[in-house]
Amino acid sequence: MAAQIDALTVNDLDPTIEKLHRELEDMAPLVRSVAVDAVQIFAYVAAERRAQEERLFIRFLAQSLILFVLMGIGTYLIVRLWRELENARFRPRASRHP
């Protein structure tokens, strides 16, 4: 098509433009089909990326909650151990010698 446009001369401008117009009208369904297919592909890719992003967010949330629970359990155990050590230090020791 670019070659046809480049080959236009002043004398045959009207017939060539009419021929070009007819060819473009004949190609309209093909162009429309390609454009619609491209939009569908872009929509599909965008939907897949959104779904992947949502899965990644859910995974991050689950990992964060698990780590938060583990941190809470660790804190509880540390406090409990610290209290037991404090109580053992101040508890009177029983004498083993009667």
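As a basis for the values below, the full set of heavy atoms in this structure was taken, side chains included, without hydrogen atoms, waters or symmetry mates. These numbers were taken from a predicted model, which means no experiment stands behind them. Quick note: residue numbers are just sequence positions, from 1.
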Open item on the list: Atom CD of residue position Glu54 - does it have more than 12 heavy atoms of other residues, nucleotides or ligands inside 6.0 Å?
Closed with: no
Task: Pairwise distance CG(Leu61) to CG(Leu56) - rounded to 0.5 angstrom - done: 11.5 Å
Task: Spacing of Gln52 atom CD and Arg50 atom CZ [to the nearest 0.5 Å] - done: 12.5 Å
Task: Option among Leu81, Leu85, Val79 that satisfies the side chain to side chain contact (heavy atoms under 4.5 Å, CB included) test with Arg83 - done: Val79
Open item on the list: Would you say CD of Glu86 has more than 12 non-hydrogen atoms from neighbouring residues, nucleotides or ligands within 6.0 angstrom?
Closed with: yes
Open item on the list: Connecting only ILVMFWY residues whose side-chain heavy atoms lie within less than 4.5 Å of each other, what is the rest of Leu77's hydrophobic cluster?
Closed with: Val69, Ile73, Tyr76
TODO: Taking the side chain as every heavy atom from C-beta outward, state whether Met27 and Leu24 have any pair of such atoms under 4.5 Å apart.
DONE: yes
Open item on the list: Tell me whether Ser33 contacts the main-chain N or O of Pro29 through its side chain, where contact means a donor paired with an acceptor under 3.5 Å.
Closed with: no
Open item on the list: Taking the basic N atoms (NZ, or NE/NH1/NH2) and the acidic carboxylate oxygens, is any pair closer than 4.0 Å for Arg80 and Glu84?
Closed with: yes
